[in-house]
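Here the structure comes first, spelled out in structure tokens, and everything after it is commentary.
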Amino acid sequence: MKRIVFYIGKEDTMKEKVTVTGVPETMIQTLYARAKESQKPDAKIKDTMAVEIVSELDYDFSNADKDKAMGSGVIARTIVLDQMVGEYLDSHPQAVVVNIACGLDTRCYRMRGKYSRWYNIDLPETMEIRKRFLTEDGPVYQIAKSATDASYPEQISYDQEDILVVIEGLSMYLKEADILQMFSIIEKNFPKATVFVETMSPFFAKHIKEKSIEGSQAKFVWGIKNGKALQELIPAFTYKKEVSLVEGMKQMMPIYHVLGKIPAVCNISNKIIVMEKTKASKTDKNESGNVP
């Protein structure tokens, strides 16, 4: 996984100067998209924490302003995942949530009171930035490790709780070997887990560039056709369903109620694929968190 270069410090304006490159730069862009939408009179989401953080940043958001496709995609994804995560937690009271590649995501606050513990996981450099703006302690925890670091589950405590793993805005930047490693870690450490993973179509991964971070090292790398194809890659997991981000776009632009009926539109849109791991593995941890 790519390293990042960042600088953060106080300027004369008393705002935080932030410079990031590589995949983590997307966390600043997505934060801005949520903040911008939240300030609209007819906002489809309300992320007041994003608005507050953006107001404290000294960062050039001009590219993000121009990248309307990125902004719309972020809001559609937020709409869809907020609904999916909320519904899961409503039906699984006191679940443990593992939020991989959290960046500056604030969903843990919008879902407060619905979970037992919430673990936000990202690269150490990214978590250094997150800690500047979001001081978290139980039941919200921060783990400064990569999604492919097999040691991160050692910091996650669970007993009989259901485990929900959320992987948002990450898979398209990884190589397939990293995807397999990421799911292998989940398989080996959690006896029962439901995974919500955002995926991109192979066509988009190959042909589309994100305008807001064109100068960055962040590039789309991996895509997959659908959940059935993903299950073939990770047979320890069962494909349950997938939700196209078109469902979020429908709430933003009425025309998508028509476009969403066109199979090709749904097929090339990003999806949230739901995978379940329900069978115990020989290497699963026991309830105390130790491998038998």
Side-chain angles (χ1 to χ4, degrees), residues 26-51 54 64-91 97 99-111 114 164-173 194-201 203-205 208 210-213 220 223-227 230 239-275:
T26 62
M27 76 175 174
I28 303 296
Q29 306 290 351
T30 56
L31 175 78
Y32 179 70
R34 299 197 310 272
K36 188 175 179 180
E37 175 68 22
S38 297
Q39 295 177 87
K40 294 179 179 178
D42 60 343
K44 305 305 179 185
I45 64 166
K46 283 293 183 181
D47 191 340
T48 55
M49 298 187 77
V51 174
V54 166
D65 275 322
K66 298 173 186 175
D67 195 347
K68 298 187 183 302
M70 181 277 294
S72 296
V74 168
I75 304 310
R77 179 175 72 193
T78 302
I79 291 170
V80 170
L81 271 173
D82 274 6
Q83 181 175 343
M84 291 178 68
V85 173
E87 289 175 351
Y88 178 91
L89 294 177
D90 285 342
S91 60
V97 182
N99 186 25
I100 291 177
C102 63
L104 289 169
D105 176 61
T106 59
R107 186 169 291 110
C108 56
Y109 300 102
R110 296 196 293 282
M111 301 291 162
K114 291 188 173 186
L164 173 63
V165 182
V166 180
I167 308 171
E168 176 183 2
L170 175 66
S171 71
M172 58 287 298
Y173 297 105
T194 298
V195 182
F196 293 173
V197 55
E198 181 189 6
T199 63
M200 178 175 282
S201 74
F203 176 85
F204 264 40
I208 302 299
E210 209 162 9
K211 295 179 182 178
S212 58
I213 53 172
F220 296 141
I224 197 158
K225 185 177 179 180
N226 52 37
L230 181 58
Y239 163 61
K240 304 302 291 184
K241 69 174 184 177
E242 57 194 54
V243 180
S244 170
L245 296 196
V246 167
E247 295 305 311
M249 294 299 295
K250 288 178 181 179
Q251 297 189 38
M252 301 166 63
M253 303 177 192
I255 187 62
Y256 273 88
H257 286 280
V258 177
L259 295 177
K261 296 179 181 180
I262 303 173
V265 173
C266 292
N267 289 340
I268 65 172
S269 296
N270 281 22
K271 301 174 179 65
I272 307 300
I273 298 177
V274 180
M275 306 296 292

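- Under the side-chain hydrogen bond (donor to acceptor under 3.5 Å, both in side chains) criterion, the residue pairs touching residues 246-268 are Glu247-Lys250, with sequence neighbours excluded.
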Residues Thr194, Lys240; criterion side chain to side chain contact (heavy atoms under 4.5 Å, CB included); working and verdict: CA-CA 9 Å; Thr194 298; Lys240 304 302 291 184; over 6 Å; no
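- The two residues Val54 and Ala35 come nearest to each other via the heavy atoms CG2-CB, 3.7 Å.
- Taking the side chain as every heavy atom from C-beta outward, Val97 and Arg107 never approach each other to under 4.5 Å.
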Side chain to side chain contact (heavy atoms under 4.5 Å, CB included) evaluation trace for Thr30 with Arg77: CA-CA 10 Å; Thr30 56; Arg77 179 175 72 193; 3.6 Å; yes
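- Formation of a donor-acceptor pair under 3.5 Å by the Glu37 side chain with backbone atoms of Lys44 is found in this model.
- In plain terms, the two heavy atoms of Leu245 and Ala76 that are nearest each other are O-CB, 3.6 Å.
- Checking Leu81, Ile167, Val243 one by one against Phe196, the side-chain contact (heavy atoms from CB on, under 4.5 Å) holds for a single residue, Leu81.
- A search for salt bridge (Lys or Arg N to Asp or Glu O under 4.0 Å) contacts involving Asp90 returns Lys114, not counting sequence neighbours.
- Partner Lys36 forms a salt bridge (charged side-chain N to carboxylate O under 4.0 Å, His left out) with one of Asp47, Asp65, Asp67 and no other, that one being Asp65.
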Ser38 vs Arg34, side chain to side chain donor-acceptor pair (under 3.5 Å): CA-CA, chis, key distance, verdict: CA-CA 6 Å; Ser38 297; Arg34 299 197 310 272; over 6 Å; no
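- Although no hydrogens or angles enter the test, the distance criterion places a donor-acceptor pair under 3.5 Å between the side chain of Ser201 and the main chain of Phe204.
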Stepwise side chain to side chain contact (heavy atoms under 4.5 Å, CB included) check, Met249 with Ser72: CA-CA 8 Å; Met249 294 299 295; Ser72 296; 4.1 Å; yes
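- Side chains of Met172 and Glu198 form a contact here, defined as non-hydrogen atoms less than 4.5 Å apart.
- Heavy atoms of other residues, nucleotides or ligands lying less than 6.0 angstrom from NZ of Lys241 number 12 at most.
- Note on ring orientation: taking the six-membered ring where Trp is involved, the planes of Phe220 and Tyr173 are tilted (angle from 30° to 60°).
- Two residues are said to be in side-chain contact when any heavy atoms from C-beta on lie closer than 4.5 Å; Tyr239 and Leu230 fail this criterion.
- Ser244 and Ser269 make their closest contact through OG-CB, 3.6 Å (heavy atoms, listed as atom of the first residue, atom of the second, distance).
- Listed here is the closest heavy atom pair of Val197 and Ser171: CG2-CB, 4.4 Å.
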